[in-house]
Amino acid sequence: MPWEPTNVENDRLEKLARLEALGIPAFPNRVERTHTTRAAVAAYEAIEADGEAAESIEVIVCGRVRRQNIKGKVAFIHVEDGEGRVQLMIRQNDVGEENYGLVKEKLIELDDFVQARGVMMRTQAGEVSVQVFELRLLAKAVSPLPVIKDRVEEDGTVTRFGTFSDVESRYRQRYADLAVNPDVRDVFRKRAGTVSAIRRFLDAEGFLEVETPILQPIYGGAAARPFVTHHNQLDQDLFLRISFELYLKRLLVGMYDAVYEIGRDFRNEGVSFKHNPEFTQVEFYKAYIDYHGVMNLTERLVAYAAEQVTGSSKITYQGQAIDLTPPWKRITLRDAIRELSGIDYVDTPDADSLGAAMRQKGIEAKPGTTWGKLIDHLLGTVVEPTLIQPTFILDYPRDISPFAKMVPGDPSHVERFEFFIAGMEMGNAFTELNDPRDQEARFVEMGRLYDAEDDEAAPLDEDYLRAMRYGMPPCGGWGMGVDRLTMLLTDQRTIRDVLLYPHMRDRE
RNA sequence: GGCUCCGUAGCUCAAUUGGCAGAGCAGUUGACUCUUAAUCAAUUGGUUGGAGGUUCGAGUCCUCCCGGAGUCACCA
């Protein structure tokens, strides 16, 4: 849709024209900066006691005008850069009548970027400021940002007046959200901290970071519908990956002992407070450990990330105290369901009897659902919401876990765990299946189950079986939702608030 | 996709039973050389998300559409 300037924008366009008529470039090429706002304030405070010496700190600071208080012959302007703010004191005597006029007539105004040269000082009201001798416009803001005023209280806390809170506008125009909401900027700094903490931890544990295809001819490794695209020259349909699993595990055949990848997965499913069509996943595979070893890595990794990002492995999420310090609680899926629902699914070894038992307890069980999926439903509705403190749920039904090794001596369970924090599933792991005959049988079995549910089956990946036939070391594998961990560490209630650009329907 | 709720000025919000669309901030004009949500005076700004309908009269009621939120379903 073409842009129609609002009244306020027309005012600003007019000012832009007036500036250019005065020969003042509104978007100059050259910029100079000697100090960030924070560095300028720090430099002054460090030697303030020295009296005259302090008066001699010359600075050139740059930033966006965020507050203006313009009086007859003196103006106070706060400029903000990526690190903080500093006040400019601009006196007509210091900058000349003409230049002061630019400020007084608001040709340079709220939201514009400016460069100011001056010396550091403290105003009579006590605020460290730049006494400005030269003020330049660096970039004109044609559209005004939402108006928000801050009052700094005696104790240093900031009270805000005005908000930019409409979630739709905030997500669609994240740049404006970030520009006026420093706490939102902070969330995404912590997100970066979370990712780099994960990377540091795995690097230190001897993992090799790799990158595998996002465009895949055959998708797999999870149960989800894919996005489909097409390569024109090859005239070939390709799928955006739904997981990294199968490509990463092939690398253990290739004799890397431990690999991981951090990247984007794409699932063509519904969106919710914890689902986005594209989301960030970390997966690792490590030879010569089983899922017990993976649990050990999991709890150490998550506690480490929490310490790095929040300063402690004890966090607060949505008002609930959560202790991520290892070791975490471990309980089998069977015991968890039995304790919470009174149903021992081993007593009802088929879909019909389990479904009947569930309905008897008033739990929904749709006819035609497989036994494994009914158990998964029990997990999701009865168990998951209660798992506030970090918990490993172990040993899943075989028929919903096609890549996990069987529990020795137990034909119906596999060595798989999921871990939950704050009532949310954070990740999934197995003692990885490495017997190519068993793997092939599982693929075929999955195909049948999907056929039975009239669902789209993931195509059988022959090359993956070929790789496994060369011999795959025993290994543990693991995946975790990075967005969800970020939610936890930044205390955000919805995944959209940890995604810079959450998925939105196109606007006409 | 189902159900419920929401959409009013650049931002945040009002508007009684269906009865003249309003406020604060910002903007504009003026005053002010140490302000701190600066203050004081005056003032501009609206296709009430869109299209229909009911009515003497619709921001308000009805239908459809667009967008968002919540929830269920689907799904890790």
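Letters go in sequence order (proteins before strands), and every chain restarts at 1. These numbers were taken from a predicted model, which means no experiment stands behind them.
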Return the nearest nucleotide to the side chain of [X]; candidates are [options].
{"X": "A:Lys373", "options": "B:A69, B:C75, B:G45", "value": "B:C75"}
{"X": "A:Arg225", "options": "B:C74, B:U12, B:A69", "value": "B:C74"}
{"X": "A:Thr123", "options": "B:C34, B:G67, B:C75", "value": "B:C34"}
{"X": "A:Val147", "options": "B:A69, B:U36, B:C25", "value": "B:C25"}
{"X": "A:Lys106", "options": "B:U28, B:C34, B:G68", "value": "B:U28"}

Quiz item: Is the NZ or CZ atom of A:Arg416 positioned over A:Phe430's six-membered ring, under 6.0 angstrom from the centre and within 45° of the axis?
Solution: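 No.
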**Message:** Given A:Arg191, which partner from the list A:Thr280, A:Thr490, A:Asp186, A:Thr486 fulfils the side chain to side chain donor-acceptor pair (under 3.5 Å) test?
**Reply:**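 Between A:Arg191 and the candidates, side chain to side chain donor-acceptor pair (under 3.5 Å) is satisfied uniquely by A:Thr280.
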task: Scan A:Arg64, A:Arg66, A:Lys140 and name whichever one has a side chain to side chain donor-acceptor pair (under 3.5 Å) with A:Asp111.
output: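 Result for side chain to side chain donor-acceptor pair (under 3.5 Å) with A:Asp111: A:Arg66.
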### Query
Are the side chain of A:Arg493 and the backbone N or O of A:Phe273 linked by a donor-acceptor pair below 3.5 Å?
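Judged by distance alone, no pair lies under 3.5 Å.
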Looking at A:His413, is its backbone amide N or carbonyl O close enough to the side chain of A:Arg398 to form a donor-acceptor pair, meaning the two atoms are under 3.5 Å apart?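 No, A:Arg398 side chain to A:His413 backbone: no donor-acceptor pair under 3.5 Å.
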If you look at every strand shown and take non-hydrogen atoms under 4.0 Å, does [X] touch a base, only sugar-phosphate, or nothing?
{"X": "A:Asp11", "result": "sugar-phosphate"}
{"X": "A:Arg122", "result": "nothing"}
{"X": "A:Ser165", "result": "sugar-phosphate"}
{"X": "A:Phe161", "result": "base"}
{"X": "A:Asp376", "result": "base"}
{"X": "A:Leu110", "result": "sugar-phosphate"}
{"X": "A:Asp166", "result": "sugar-phosphate"}
{"X": "A:Arg67", "result": "base"}
{"X": "A:Gly162", "result": "nothing"}
{"X": "A:Glu9", "result": "nothing"}
{"X": "A:Glu364", "result": "sugar-phosphate"}
{"X": "A:Arg416", "result": "base"}
{"X": "A:Lys274", "result": "nothing"}
{"X": "A:Arg151", "result": "base"}

[X] side-chain N/O to [N] phosphate OP1/OP2 under 4.0 Å:
{"X": "A:Gln68", "N": "B:G27", "result": "yes"}
{"X": "A:Arg505", "N": "B:G68", "result": "yes"}
{"X": "A:Lys149", "N": "B:G24", "result": "no"}
{"X": "A:Lys73", "N": "B:C34", "result": "no"}
{"X": "A:Lys71", "N": "B:U39", "result": "no"}
{"X": "A:Arg172", "N": "B:G68", "result": "yes"}
{"X": "A:Lys15", "N": "B:U28", "result": "yes"}

Note to self: Is the ring pair A:Phe443/A:Tyr464 parallel, tilted or perpendicular, if the boundaries are 30 and 60 degrees?
What the structure shows: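 It falls in the perpendicular class, over 60°.
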* Mind checking whether A:Phe266 and A:Phe227 have parallel, tilted or perpendicular rings, split at 30° and 60°? ->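 Rings of A:Phe266 and A:Phe227: perpendicular, over 60°.
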Practice item. Look at the side chain of A:Asn93 and the base of B:U33, then say whether one donor and one acceptor between them are separated by less than 3.5 Å. Key: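 Counting by modelled atom types and ignoring angles, a donor-acceptor contact under 3.5 Å is found here.
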**Q.** Polar pair under 3.5 Å, donor/acceptor by atom type, side chain A:Gln92, base B:U33
**A.**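 Answer is no: no donor-acceptor pair is held.
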For RNA chain B, whose closest nucleotide is more 5', that of A:Phe76 or that of A:Thr494?
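By nearest-heavy-atom nucleotide position, the 5'-most residue is A:Phe76.
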Using heavy-atom distances to pick each residue's nearest nucleotide on RNA chain B, tell me which of A:Glu269 and A:Arg493 is more 5'.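 Its nearest nucleotide lies further toward 5', so the answer is A:Arg493.
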Any strand counts, and the cut-off is 3.5 Å on both contacts for Watson-Crick or G-U wobble. Which nucleotide pairs with [N]?
{"N": "B:U44", "value": "none"}
{"N": "B:A51", "value": "B:U63"}
{"N": "B:U4", "value": "B:A69"}
{"N": "B:C20", "value": "none"}
{"N": "B:G10", "value": "B:C25"}

Expressed as a whole number of angstroms, how long is the span from [X]:[atom1] to [N]:[atom2]?
{"X": "A:Glu4", "N": "B:G10", "atom1": "CD", "atom2": "P", "answer": "12 Å"}
{"X": "A:Tyr100", "N": "B:U33", "atom1": "OH", "atom2": "P", "answer": "8 Å"}
{"X": "A:Arg170", "N": "B:G67", "atom1": "CZ", "atom2": "P", "answer": "21 Å"}
{"X": "A:Ile70", "N": "B:C40", "atom1": "CD1", "atom2": "P", "answer": "17 Å"}
{"X": "A:Lys140", "N": "B:G27", "atom1": "NZ", "atom2": "P", "answer": "10 Å"}
{"X": "A:Glu168", "N": "B:C66", "atom1": "CD", "atom2": "P", "answer": "14 Å"}
{"X": "A:Asn181", "N": "B:U12", "atom1": "CG", "atom2": "P", "answer": "10 Å"}

A:Tyr219 vs A:Phe239, test: ring-ring contact (aromatic ring centres under 6.0 Å, His included). Steps then yes/no. CA-CA 6 Å; A:Tyr219 64 94; A:Phe239 303 95; 4.8 Å; yes
Problem set entry | Spacing of NE2 belonging to A:His35 relative to OH belonging to A:Tyr44, to within rounding of 0.5 Å |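 Rounded to the nearest 0.5 Å, the NE2-OH separation comes out at 13.5 Å.
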